[in-house]
Every structure is written in C-alpha cells, then in structure tokens.
Asks: 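Take this structure first; my questions come after.
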Amino acid sequence: INSTLFKYIILVSSIAALILILFITIYLLFLNKSIIDPLQVIVDNATDFVNTNVDENLSEIVALNIDVKTGDEIEILAEAFNKMTSDIIRYIKELTSVTSERERIETELRIATLIQEGMLPRNFEYPDRNEFTLYASMRAAKDVGGDFYDFFFVDDDHFCITIGDVSGKGVPAALFMAMAKATVKDLVLRRLPVADVMTEANVTLCNNNEQGMFVTLLIAIINVKTGVFQWCDAGHDPAIIWKKDGQVELLTGKKGFVCAGIETAKYKMNESKIEKGDIIYLYTDGIPEANNTKKEFYGLERLQTLVATKKEHDIKTLCADILADVDEFADQEAQFDDITMMGFKLEE
C-alpha cells in the first residue's frame, strides 16, 4: 500500500509539474506576444527616431506610426509615442522657421545699421579751412537708432550744424530720422532763414505721419569768420557753450515745440555769438537721462561739471571723456536711449 501510494503521489506531482510548466510556458508566450514584443517595437521605433540626424534630414523626418493593437495600456503608450513624435517634428520645424526668420532679421538689421552709419557724415576734416574744427559721434541703444547729426557748408562763410532725436527706437525711428535729416539739409541749402527751415520741416514731417512720431531738433548756422550764429530749437536739450577761459554756460533763447508734433507750430530764430577758442557742444537726452543701477539719472549738472573740469580744449577728447564718464556712471546698466553728441570749435 505504501509503495502504491508513493507511486501515486509521484505521478500526481509529475502531472502537476508538467501542468505548471505548460502553464508557465503558455503564460510566457502570452507575455512575450502581448507585452514584451509590443514594448520592443516601441523601443526600436523610438530609438530610430532619436538617432535620426535632424540637421540633415529635417525634410525627410516623419512621425512614428507604431501599430500596436493590444487593447490595453501598451496600445495607449504606443499612441502617445506616435503623437509625441508628431508634436516634436512640428515644434522642430516651427523653431527652425523662427530661427531662420530671426537670422534674416538680424542680417537686415546689420545692413540697416551700416546704412544708417553711412548716412551720418564721418569726415570731420576740412583741410582747406582753418576757421574751425568739429567732431561728432552716435551710439545707438539698439541696432539702429533715431538720433542723428549733420554738418555742411551753406556757403563759403556759413556752416550748418544740426542734431536731432526721434521719438521711439529701432527701424521706424531710423526711417523717420533719415527723412528728418534729408528734409532739414534740403531746406537749409535753399538759403531759408533758420526759423523758416524749422517751420517748413515741421509741416513736411507732419504730413503722412500716421505713427505720430516726432523729433527734437536744434539747427545752428554759424558764420565761421565772425562766430555769430543763428539758431532754432524745437524742444531739444540746451547746447553747452564751453568758453576759451573754461567757463561753461547753457545756450538760452526762444524754444519751440517738437518738430512733427503740431502742423501749425511756429518757430523763432535766435542769434548768439561765440568767440575764437569757444566750443559749442550739442548732445541728445541719452546723456543726461542715462541711468545707473540705483535708477539715478546722469543729469545735466554732472555734464556741465565734467566739461568745466576739462583742461584740454579739444572736442574729440571732450566727447570721448563724456562717453567714458556716462559708461562709468551707468555701471553696466543697460541703456534704452541713443547717445549722440557733436562739438564745433571756432579756432583762433
């Protein structure tokens, strides 16, 4: 009996073991077919997608289309991968397009900067004239700015200097600046009185000014023989007169409204005189309104004080020292206004 029972137990155990092995085998086959194989398909497709060289094959890259029909979370995972790769491709193409457009704009801005710099006179030497010396500089807050300066002979004895500051920044201000500069020069060369130049320029710039831009402007026409100059101010910062003896004073007179602000605005002519050795210093508000990390303004008083402390009565040195002092004051604080200046010295 014991032997028979033992054989029976062995038989039952063997059958149970075979059933268990069969069950495990069937389960593993099921697991492999329903879980492992689909997951491997997802992994292989995802690996191929990740290893695609986007830089070389952007036009050929396609979203994953993993066909897994398991009816469970693995199928949901496959669909999520398909959507994710489709979104990634769309984002890459959009980013590429935006980057390309930004590079195009940056290239155009660099060209615009060169064009604007080319519009401003850079030759400050007049070898055949010894009555005066002059120097000017313009540093835009952005790639292109709205500040400008100009200088030219009206006739053998009269020399025009002008400086302006257009409202706003960037390309619109640069375009308006170009129009203002050309308009003023054209009117001055017609030999109009300086007040009429400003009045006519105001009317011209008001026309078709749908953006409502305006420009502060100072125009002076100097007799290089006598030092007498007629000038007109359209809302610009007051010029500084740096006298031969070192004294510093502001050029005061009748001021008018900003140019291109009101079409009916009228402007008055002022007449002043500088002596031999004196300097007229013109600037835009990017200097007195320069701010530092403490939100303090550079200010007109500091500018006058700096001019008064200079020993060497030289325009180029003065402009360089002022710009350096503004930068030191700003202490790496980003500036949002153009910095433009110009000096005219009546030589002895």
Asks: Taking C-beta and beyond as the side chain, do P238 and L251 meet within less than 4.5 Å on heavy atoms?
Replies: no

Asks: Are the ring centres of F159 and Y126 closer than 6.0 Å?
Replies: yes

Asks: Taking only Lys NZ, Arg NE, NH1 and NH2, and the carboxylate oxygens of Asp or Glu, determine whether K295 and E333 approach each other closer than 4.0 Å.
Replies: yes

Asks: Tell me, with the steps shown, if T293 and Q332 meet side-chain contact (heavy atoms from CB on, under 4.5 Å).
Replies: CA-CA 8 Å; T293 54; Q332 299 184 347; over 6 Å; no

Asks: Under a 4.0 Å N-O cut-off, is there an ion pair linking D278 with K244?
Replies: no

Asks: Is there a side-chain contact between Y283 and I339, using heavy atoms and a 4.5 Å cut-off?
Replies: no

Asks: Do the numbers put K345 on top of the ring of F132, so that NZ or CZ is under 6.0 Å from the six-membered ring centre and no more than 45° off the axis?
Replies: no

Asks: Determine whether a donor-acceptor pair (N or O, by modelled atom type, separation under 3.5 Å) exists between the side chain of T162 and the backbone of L218.
Replies: yes

Asks: Can you tell me if T317 uses its side chain to pair, donor with acceptor, with the backbone of D314 under 3.5 Å?
Replies: no

Asks: Ring centroid separation for F229 and F344, is it under 6.0 angstrom?
Replies: no

Asks: Inspect the surroundings of NZ in K255 and state if more than 12 heavy atoms from other residues, nucleotides or ligands are less than 6.0 Å away.
Replies: yes

Asks: Return yes if some donor-acceptor pair links the side-chain N/O of H236 with the main-chain N/O of L282 below 3.5 Å, else return no.
Replies: no

Asks: Run the salt-bridge test on D337 and R139 with the 4.0 Å N-O cut-off and return the result as yes or no.
Replies: no

Asks: Mind checking the CZ-OH spacing from F124 to Y135? Nearest 0.5 Å is all I need.
Replies: 5.5 Å

Asks: How many angstroms lie between atom CG of L323 and atom CD of E328, to the nearest 0.5 angstrom?
Replies: 12.0 Å

Asks: Within the side chain of H313, is there an N or O that forms a donor-acceptor pair under 3.5 Å with the backbone of I279?
Replies: no

Asks: Look at the side-chain heavy atoms of Ile, Leu, Val, Met, Phe, Trp and Tyr, link any pair under 4.5 Å apart, and say whether F151 and F153 land in one connected group.
Replies: yes

Asks: Apply the test side-chain contact (heavy atoms from CB on, under 4.5 Å) to residues K310 and L306: give CA-CA distance (whole Å), side-chain angles for both, the deciding distance (0.1 Å), then the verdict.
Replies: CA-CA 7 Å; K310 305 311 296 179; L306 177 64; 4.3 Å; yes

Asks: Which value, rounded to the nearest 0.5 Å, describes the distance between K266 atom NZ and F257 atom CZ?
Replies: 15.0 Å

Asks: Say whether, by atom type as modelled, one donor and one acceptor occur between the side chain of Y149 and the main chain of P121 under 3.5 angstrom.
Replies: yes

Asks: For a 4.5 angstrom cut-off between non-hydrogen side-chain atoms, does V215 reach F148?
Replies: yes

Asks: For a quick check under 3.5 Å, do H158 and D155 share a side-chain donor-acceptor pair by atom type?
Replies: yes

Asks: Just say parallel, tilted or perpendicular for the rings of Y298 and F329, cut-offs at 30° and 60°.
Replies: perpendicular

Asks: Are D196 and Y267 linked by a side-chain donor-acceptor pair shorter than 3.5 Å?
Replies: no

Asks: Can you confirm whether E249 sits close enough to I240 that some side-chain heavy atom of one is under 4.5 Å from a side-chain heavy atom of the other?
Replies: no

Asks: Is there a side-chain contact between M342 and I161 in this structure, where contact means two heavy atoms from C-beta onward sitting under 4.5 Å apart?
Replies: yes

Asks: Return the CD to CG distance between E289 and D237, rounded to the nearest 0.5 Å.
Replies: 7.0 Å

Asks: Taking all non-hydrogen atoms of both residues into account, name the closest pair between C160 and I219 and its distance.
Replies: SG-CG2, 4.0 Å

Asks: Give the minimum heavy-atom separation between T252 and W231, together with the two atoms involved.
Replies: O-CZ2, 3.4 Å

Asks: Do I241 and K243 make a side-chain contact, defined as non-hydrogen atoms from C-beta onward lying under 4.5 Å apart?
Replies: yes

Asks: Give me the atom names and distance for the closest heavy-atom approach of C259 to A234.
Replies: N-CB, 4.0 Å

Asks: So which heavy atom on N202 is nearest to which on G261, and how close?
Replies: OD1-N, 3.8 Å

Asks: What's the spacing between D157 CG and N223 CG if we round to 0.5 Å?
Replies: 5.5 Å

Asks: Under a single-linkage definition using a 4.5 Å side-chain heavy-atom cutoff for Ile, Leu, Val, Met, Phe, Trp and Tyr, are L120 and F152 assigned to the same hydrophobic cluster?
Replies: yes

Asks: State the NZ-NZ distance between K254 and K268, to the nearest 0.5 angstrom.
Replies: 6.0 Å

Asks: Show the nearest heavy-atom pair for residues V203 and E263, with the distance to one decimal.
Replies: CG2-O, 3.7 Å

Asks: Any heavy-atom pair between the side chains of C206 and F214 that's under 4.5 Å?
Replies: no

Asks: Check the side chains of N123 and E125 for a donor-acceptor pair under 3.5 angstrom, ignoring hydrogens and angles.
Replies: no

Asks: Checking side-chain hydrogen bond (donor to acceptor under 3.5 Å, both in side chains) between T284 and each of D147, T216, D165, which is the one that passes?
Replies: D147

Asks: Around atom CD of Q211, are there more than 12 heavy atoms of other residues, nucleotides or ligands at under 6.0 Å?
Replies: no

Asks: Taking the side chain as C-beta and beyond, is there a heavy-atom pair between I322 and V307 under 4.5 Å?
Replies: yes

Asks: How far apart are the C-alpha atoms of E275 and L346, what are their side-chain angles, what is the distance that settles it, and do they pass the side-chain contact (heavy atoms from CB on, under 4.5 Å) test?
Replies: CA-CA 7 Å; E275 304 296 335; L346 193 65; over 6 Å; no

Asks: Going through the distances and angles, do E347 and N130 end up as a side-chain contact (heavy atoms from CB on, under 4.5 Å)?
Replies: CA-CA 7 Å; E347 294 292 347; N130 57 10; over 6 Å; no

Asks: If you look only at pairs with a residue in residues 217-228, which of them pass as a salt bridge (Lys or Arg N to Asp or Glu O under 4.0 Å), with sequence neighbours excluded?
Replies: E131-K225

Asks: Quick check: is V228 connected to V224 through a chain of hydrophobic side chains (ILVMFWY, heavy atoms under 4.5 Å apart)?
Replies: no

Asks: Around atom CZ of F297, are there more than 12 heavy atoms from other residues, nucleotides or ligands closer than 6.0 Å?
Replies: no

Asks: Please give me the minimum heavy-atom distance between C232 and V194, naming the atom from each residue.
Replies: CB-CG2, 3.9 Å

